[in-house]
Amino acid sequence: MQTRSTPGAMLKAMREKPPLVQCITNYVAMNVAANVLLAAGASPAMVHAAEEAGEFAGLASALTVNIGTLSTQWIDGMQAAAKAATSAGKPWVLDPVAHYATAFRRDAVAALLALKPTIIRGNASEIIALAGGESRGQGVDSRDPVEQAEGSARWLAERQQAVVAVTGAVDFVTDGERAVRITGGSALMPQVTALGCSLTCLVGAFAATVPEDLFGATVAALATFAIAGEEAALGAAGPGSFAWRFLDALNALDAETLDARARISAA
């Protein structure tokens, strides 16, 4: 077995050499996402200003871009960082939050897609709409089941030559050829703001650790989140206590437990 061929081995490698991940994410998610990366063993940097985002992307090991709270200035920073990451051969992850909601968001995500993200992570409604389908999404909430987005994800992965992850009750990941489903997590997770945005940042951390296997890195990140979510739910009385328990569970998760408990099946 190769050194970094399992989710647990990837988690261990990430912690042994914590990657610097540039997270251009939204105002709501910044604190949560930074804490999630620190708990998992990575090093977050919330750098989004157009004046420095491109330069910083050349220094970081990976870039994540989340369009949750947009402005023209933030879009300039996102594009500069994405161009720099691509030029430097660094993986970058696009989280197209509610991209279908307004013309401003649709234009922003179209420009970012043209810059060729290596990984795209979204909920079912976002991925269906990104592939040109009709979704039932309202704002940032998905109103479509993950299984309904699987065909859209495969098409999008082939068109963009990227790994596409659809997250929900059962996650789905494809690179257009391979595809898997990841089971786990907790029903409390959608009740804690910014966990999905934080997952995008964690995908970036795993991608930085295993840039030669972006499909495997994405699967490992989602499996890590799923197991941490299951563990956190065991003692949680509701979303408030779940939130801090999730950080603790993520920090305590080890490679052996992740590999033993991850439920990943071919799709």
Side-chain angles (χ1 to χ4, degrees), residues 1 4-12 14 36 39-40 93 95 119-128 135 137 141-154 156-157 163-192 194-207 210 213-236 238-239 242-243 245-267:
M1 183 177 292
R4 302 190 292 186
S5 60
T6 70
M10 293 179 190
L11 177 64
K12 183 178 179 181
M14 182 178 71
V36 162
V93 188
D95 188 340
I119 303 169
I120 300 168
R121 189 217 69 85
N123 63 39
S125 295
E126 289 161 350
I127 298 303
I128 290 170
S135 80
D141 297 325
S142 179
R143 303 240 174 145
D144 298 289
V146 170
E147 57 267 27
Q148 190 170 322
E150 291 184 1
S152 297
R154 291 179 190 270
L156 187 63
V163 174
V164 176
V166 190
T167 53
V170 177
D171 300 330
F172 178 79
V173 180
T174 183
D175 61 3
E177 295 181 1
R178 297 169 290 176
V180 300
R181 298 185 184 95
I182 302 104
T183 305
S186 164
L188 288 170
M189 296 176 87
Q191 298 181 48
V192 180
L195 277 191
C197 304
S198 301
L199 175 54
T200 295
C201 296
L202 188 63
V203 169
F206 274 89
V210 202
D213 183 10
L214 296 178
F215 178 82
T218 304
V219 172
L222 271 56
T224 298
F225 232 63
I227 300 306
E230 286 183 347
E231 190 64 26
L234 294 177
F242 177 88
R245 289 177 186 277
F246 179 78
L247 288 177
D248 285 354
L250 187 58
N251 185 253
L253 183 62
D254 58 40
E256 294 73 22
T257 301
L258 177 56
D259 282 340
R261 293 180 56 183
R263 300 194 297 283
I264 303 165
S265 59

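Note that this is a predicted model, so its numbers are computed, not measured. FYI, the numbering just counts along the sequence from 1.
The two residues G176 and A157 make their nearest non-hydrogen contact at N-CB, 3.5 Å. The shortest heavy-atom contact between G8 and A255 is O-CB, 3.1 Å. The shortest non-hydrogen separation linking G229 to F242 is O-CE1, 3.4 Å. Taking both residues in full, the closest heavy atoms of S125 and N123 are given as N-OD1, 3.1 Å, listed atom of the first, atom of the second, then distance. In this structure, A205 and M14 approach most closely via the heavy-atom pair CB-SD, 3.6 Å. The nearest pair of heavy atoms linking A262 to A223 is CB-CB, 4.1 Å.
Residues T167 and L222 form a side-chain contact, since some pair of their non-hydrogen atoms from C-beta on lies under 4.5 Å apart. Looking at heavy atoms from C-beta onward, M10 lies in side-chain contact with D213 at the 4.5 angstrom threshold. Looking at V164 and V173, their side chains never come closer than 4.5 Å, going by heavy atoms from C-beta outward. Between D171 and V146, every side-chain heavy-atom pair lies at or beyond the 4.5 Å cut-off. Counting heavy atoms from C-beta outward, F206 and V219 have side chains that stay 4.5 Å or more apart.
A distance of 12.0 Å separates CZ of R261 from OG1 of T224, quoted to the nearest 0.5 Å. Remark: L253 CG to L258 CG distance equals 5.0 Å, nearest 0.5 Å. Taken from CG in L202 to CG in L199, the straight-line distance is 6.5 Å, to the nearest 0.5 Å. With rounding to the nearest 0.5 Å, the separation of CD1 in I128 from OG in S152 is 5.0 Å. To the nearest 0.5 Å, atom CD1 of residue I227 and atom OG1 of residue T183 are 9.5 Å apart. With rounding to the nearest 0.5 angstrom, the CZ atom of F172 is 11.0 Å from the CD atom of E147.
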- Task: List the steps and the verdict of side chain to side chain contact (heavy atoms under 4.5 Å, CB included) for F225 and V36.
- Result: CA-CA 10 Å; F225 232 63; V36 162; 3.9 Å; yes

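Ion pairing of E230 with R263 is present here, as a side-chain N (NZ or NE/NH1/NH2) and a carboxylate O approach within less than 4.0 Å. The pair R154-E177 fails the salt-bridge criterion, with no side-chain N (NZ, NE, NH1 or NH2) lying under 4.0 Å from an Asp/Glu carboxylate O. In summary, R245 and E231 do not engage in a salt bridge, as defined by a charged side-chain N under 4.0 Å from a carboxylate O.
Just one residue in the list L156, T200, V163, V203 forms a side-chain contact (heavy atoms from CB on, under 4.5 Å) with I120, and that residue is L156.
Checking side-chain atoms of R181 against main-chain N and O of I264 turns up no donor-acceptor pair under 3.5 Å. Side chain of T174 to main chain of R178: a donor-acceptor pair is present (N/O by atom type, distance under 3.5 Å, no hydrogens or angles). Between the side chain of D95 and the backbone N or O of C197 there is no donor-acceptor pair closer than 3.5 Å. No donor-acceptor pair closer than 3.5 Å links the side chain of D259 to the backbone N or O of E256.
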